[in-house]
Asks: 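Can you keep this structure in mind? I'll have questions shortly.
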Amino acid sequence: MEILILGLSHKTAPIEIREKLSFSSKELESSLGEITGLPDVREGLILSTCNRVEILAASDNPQRAILNLKKFLSESRDISIYDIEPHLYTYYSEKAIQHIFKVASSLDSMVVGEPQILGQLKEAYRYSTEYKASGSIIHRLLHKAFKVAKRVRSETLIASHAVSVGYAAVELAKKIFAELKDKRVMLIGSGEMAELAAKHLINAEINEMLITNRTFAKAREIAEEIGGTAVNFEVFPFELPGIDIIISSTSAEDYILKYDQVQKVMRLRKNKPMFFIDIAVPRDIDPEINRMANVYLYNIDDLTEVVETNLRGREKEALKAEKIIDREKERFYIWLKNQEIVPTIASLRNKFEAIRSRELEKALKYWPEPGEREKKILENLTDSIVNKIIHDPIQNLKQYGNSLDNSLFIETIRRLFNLDENRNEDK
Amino acid sequence: MQIISIVISILYFITAGSYFFYLLYKNRFFSKFSFFSLMISFFFHSMYLLLQTFIHNNFPVISFAQSLAFFSWLITSFFLYILFKYRIQILGALLVPVALILFLTGTLSPEKTIIQVLPYFQKFSLWLPVHTTFCFTGNAAFAVASCLGIIYLIQEKYIKSKKIGTFHRFLPSLGILEELNYRCLIIGFPLLTLGIMSGAIWAQYTIGSYWQWDPKEVWSLITWFFYAAVLHGRLNMGWRGKKQAALSIIGFMVILFTFLGISFFHNSYHAWG
């Protein structure tokens with residue numbers, strides 16, 4: 001039994017192709033049924049997100065299974081195979097295991113380390129189980145994948161670095177203040193990035209969000225949208241001593257917060273720390289204030305720099321994660337191969353037993369009048385010859401149980417004795 | 001007795017090394033190993049103090065070695081408390097070496113400093129544990145404050161200079177460091193006050209004089225005024241953050257001088273600790 005993956009992702013296909021191939025959750029029941037109904041496909045799972053469409057399957061004949069799955073994909077999605085072929089990738093056995101582990105651990109994601117993909121994979125697995133498309137291989141593989149993802153998450157820092165400006169601001173705030181739940185934040189001005197940063201802070205459960213704008217109506221609009229209180233632009237400076245975090249993003253030509261002003265505010269606050277996030281270009285806040293004690297000022301370039309450092313950091317962590325995945329992949333592959341020991345031993349026995357009884361029958365045909373005693377002797381003789389012959393191969397198969405070499409043994413024995421032919425006949 | 005001191009020193013050395021590697025590699029193994037090793041060190045350390053108490057039939061502060069062992073034991077205790085309550089492991093990379101150095105200084109110093117001549121140490125007096133426990137616990141709190149101050153300064157430097165890397169992420173937030181530092185100061189200060197007061201009362205009973213202008217008394221008073229000023233500044237003048245951190249580091253330097261310097265260089269009835 002082999003594991004295989006057929007799919008495409010943001011790395012290989014543009015959005016136009018991805019959206020054509022995607023499966024809605026309503027389609028999954030029938031599609032999973034179709035897949036597992038295909039010849040050579042034993043188990044199946046469909047993972048369909050906005051960044052990837054992948055079909056995971058278990059099969060005894062992976063090459064043929066892939067061909068059938070490609071045909072299924074093009075027919076069910078109503079798209080020519082020639083249009084999708086250049087975007088598709090296929091993975092077999094070890095590579096397939098590695099790929100699914102990487103996907104689960106978010107190493108293959110557009111933003112490496114993003115957490116959604118694991119949930120999406122769990123969802124895909126749930127559907128596959130619910131619609132009875134998964135068997136022992138997929139169960140085991142997916143549970144292992146979830147475990148690997150958890151290990152990667154806890155043993156590397158892959159998901160712990162903020163990779164957006166807004167989130168980087170929240171992370172910094174968390175490193176400046178002991179807690180955010182008693183902190184008051186003010187958003188001055190508007191702008192997508194500033195509002196996003198404000199939203200992230202609200203999600204981090206700050207105490208209060210004040211929003212001010214030269215146009216009061218605009219302030220009210222934003223306040224309603226992200227959840228906060230609008231403040232008149234003329235009075236906002238009076239609020240400053242009670243504010244811990246300021247996000248500024250106005251289109252003012254000159255500084256709207258000057259050194260002297262901030263100095264006064266800090267005196268009133270008895271030097272309680274303040275965090276200024278200046279997203280505006282040209283800048284809103286006098287950069288000199290960063291030199292004041294207990295004042296921390298980050299402008300858009302500083303935050304972008306943090307994000308870039310974090311992205312580089314994630315790449316470094318991804319290397320660590322790959323090592324974990326490689327080890328786990330190997331273990332799983334050994335397990336998978338070992339699944340074939342018992343059936344191999346059984347077919348080996350069956351084959352020899354079949355030969356023995358057939359030949360014994362033939363021999364007895366030519367015997368004029370075999371007595372019970374002679375029959376018994378012949379029976380025992382052939383039986384013990386067969387047992388002695390297959391004793392060593394079986395012992396060796398069992399003995400090498402937990403190593404990769406074992407797959408070689410199994411493969412050799414299956415080929416030498418033509419066991420796969422027998423299995424197909426059995427079917 | 002020497003052997004158990006050496007064992008404890010080695011254990012602390014291993015713990016300190018493990019915290020150093022934790023700082024370097026930031027992985028789970030060293031985090032767990034450090035904790036494990038710290039618990040073993042702490043256990044032996046506690047046993048050592050108990051043994052000393054029984055052997056000399058007195059509170060274990062009657063020799064220089066004992067005093068330092070007791071002091072470093074208190075520092076480790078504080079650290080364990082912070083570890084359980086706030087999970088600031090990184091503090092171990094500073095506090096464990098401090099505990100080790102103090103313990104080692106005591107172990108390596110000549111044993112002659114055991115005081116038997118002074119009559120008020122001959123038999124167990126309740127004033128001895130009271131006075132020394134107040135003083136040492138207060139000083140241990142200041143020791144922790146200074147290490148928190150060092151970490152604060154490092155973290156502050158990272159955030160101010162916008163060098164946001166792995167190490168910055170690894171350190172606790174400025175707010176928590178400042179808050180804990182402050183708490184150490186407000187725990188340490190009343191203990192130091194009580195220590196000085198109990199010492200004065202004890203002296204009145206035994207020597208007949210509240211205050212002798214003994215070098216250690218003078219320096220303790222200087223320390224007391226120093227921390228009084230730091231706390232006053234914090235409460236009324238906004239001496240927070242970097243200033244508070246720097247002052248708590250300086251304060252502990254003064255304490256170390258009072259503690260070690262006086263014992264080595266001055267003749268005083270406080271000479272052993």
Side-chain angles (χ1 to χ4, degrees), chain A residues 151 154-157 160-162 168-183 241 244-245 263 265-276 287 289-314 316-317 320, chain B residues 22 24-32 82 85-88 90 148-149 151-184 230-247:
Chain A
R151 246 193 92 184
S154 67
E155 288 177 30
T156 72
L157 294 169
S160 67
H161 302 7
V170 176
E171 251 191 11
L172 275 164
K174 281 183 178 164
K175 281 295 177 192
I176 292 170
F177 302 105
E179 47 186 9
L180 295 182
K181 68 165 188 262
D182 57 346
K183 297 293 174 281
D244 304 285
I245 301 171
Q263 202 168 32
V265 169
M266 286 307 285
R267 215 171 292 144
L268 285 169
R269 286 172 63 81
K270 283 192 180 169
N271 283 330
K272 269 194 337 201
M274 271 183 108
F275 180 29
F276 294 83
I289 68 161
N290 192 43
R291 296 214 263 164
M292 250 181 258
N294 303 309
V295 172
Y296 306 94
L297 167 67
Y298 274 70
N299 65 36
I300 183 68
D301 277 7
D302 301 330
L303 289 171
T304 313
E305 178 71 35
V306 170
V307 167
E308 270 163 23
T309 317
N310 286 352
L311 278 173
R312 282 196 295 275
R314 280 198 179 189
K316 233 164 90 189
E317 292 300 315
K320 270 194 225 165
Chain B
Y22 175 55
L24 216 60
Y25 298 111
K26 303 165 192 72
N27 67 18
R28 247 209 220 152
F29 170 76
F30 283 116
S31 149
K32 280 191 180 151
I82 290 177
K85 184 107 192 260
Y86 302 96
R87 315 222 158 263
I88 303 182
I90 197 74
L148 287 163
I151 300 177
Y152 182 96
L153 291 184
I154 296 170
Q155 178 71 304
E156 204 259 0
K157 180 109 187 130
Y158 276 116
I159 295 179
K160 270 274 164 144
S161 63
K162 291 154 190 176
K163 287 200 179 68
I164 302 303
T166 338
F167 201 66
H168 145 85
R169 223 180 296 282
F170 197 53
L171 299 176
S173 77
L174 291 176
I176 285 177
L177 290 167
E178 187 187 35
E179 178 64 28
L180 279 180
N181 178 297
Y182 179 60
R183 271 189 220 175
C184 285
V230 172
L231 282 175
H232 175 76
R234 156 85 192 213
L235 288 170
N236 297 309
M237 293 185 293
W239 290 7
R240 309 178 59 114
K242 214 172 158 181
K243 199 176 248 169
Q244 180 187 326
L247 287 172

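In what follows, every chain begins at residue 1, and chains take the letters A, B, ... in the order their sequences are listed.
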Asks: How far apart are the C-alpha atoms of Lys162(B) and Asn290(A), what are their side-chain angles, what is the distance that settles it, and do they pass the side-chain contact (heavy atoms from CB on, under 4.5 Å) test?
Replies: CA-CA 10 Å; Lys162(B) 291 154 190 176; Asn290(A) 192 43; 3.8 Å; yes
Asks: Between Ser173(B) and Ile176(A), which heavy-atom pair has the shortest distance, and what is it?
Replies: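 Shortest heavy-atom separation between Ser173(B) and Ile176(A) comes out as CB-N, 4.3 Å.
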Asks: As an exercise: rank Leu303(A), Leu297(A), Asn294(A) by heavy-atom pairs under 4.5 Å with chain B and give me the winner.
Replies: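 That would be Asn294(A).
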Asks: What residue in Glu155(A), Lys175(A), Arg312(A), Lys270(A) has the most heavy-atom pairs under 4.5 Å with chain B?
Replies: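 So the answer, after comparing Glu155(A), Lys175(A), Arg312(A), Lys270(A), is Lys175(A).
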Asks: Contact part of Glu171(A) toward chain B, heavy-atom cut-off under 4.5 Å: side chain, backbone, both or neither?
Replies: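 Glu171(A) touches chain B through side-chain heavy atoms alone.
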Asks: Considering all heavy atoms of both residues, which atom of Asn271(A) and which atom of Gly238(B) are nearest to each other, and what is their separation?
Replies: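 Result for this residue pair: ND2-O, 2.7 Å.
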Asks: Give, as side chain, backbone, both or neither, the part of Lys160(B) having an atom under 4.5 angstrom from any heavy atom of chain A.
Replies: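 It is both, since atoms from each part get that close.
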Asks: What heavy-atom pair brings Ile164(B) and Thr309(A) nearest, and what distance separates the two atoms?
Replies: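 Reported closest heavy-atom pair: O-CG2, 3.5 Å.
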Asks: With Ile154(B), which residues qualify under side-chain contact (heavy atoms from CB on, under 4.5 Å), at least two apart?
Replies: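 Ile150(B), Tyr158(B), Phe167(B), Leu171(B).
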Asks: Side chain, backbone, both or neither: which part of Arg28(B) has a heavy atom under 4.5 Å from chain A?
Replies: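 Answer is side chain: those atoms of Arg28(B) sit under 4.5 Å from chain A.
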Asks: Test of understanding: with side-chain contact (heavy atoms from CB on, under 4.5 Å), list the residues that count as partners of Tyr86(B), not counting sequence neighbours.
Replies: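 Counting only residues at least two positions away or on another chain, Tyr86(B) forms a side-chain contact (heavy atoms from CB on, under 4.5 Å) with Ile82(B), Ile88(B), Leu180(B), Arg183(B).
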Asks: Chain A: which of Lys243(B), Arg169(B), Glu178(B), Glu156(B) shares the most heavy-atom pairs with it under 4.5 Å?
Replies: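 Most heavy-atom pairs under 4.5 Å with chain A: Arg169(B).
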Asks: Which bit of Arg269(A) is near chain B, if near means a heavy-atom gap under 4.5 Å: side chain, backbone, both or neither?
Replies: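 Arg269(A) has no heavy atom closer than 4.5 Å to chain B.
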Asks: How close do Tyr298(A) and Ile159(B) get, heavy atom to heavy atom, and via which atoms?
Replies: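 Closest approach of Tyr298(A) to Ile159(B), heavy atoms only: OH-O, 2.7 Å.
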Asks: Identify which of Leu174(B), Asn236(B), Leu177(B) forms the greatest number of heavy-atom pairs closer than 4.5 Å to chain A.
Replies: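 Among the listed options, the one with the most contacts to chain A is Leu174(B).
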Asks: Can you tell which part of Lys272(A) gets under 4.5 Å to a heavy atom of chain B, answering side chain, backbone, both or neither?
Replies: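 Both parts, heavy atoms under 4.5 Å.
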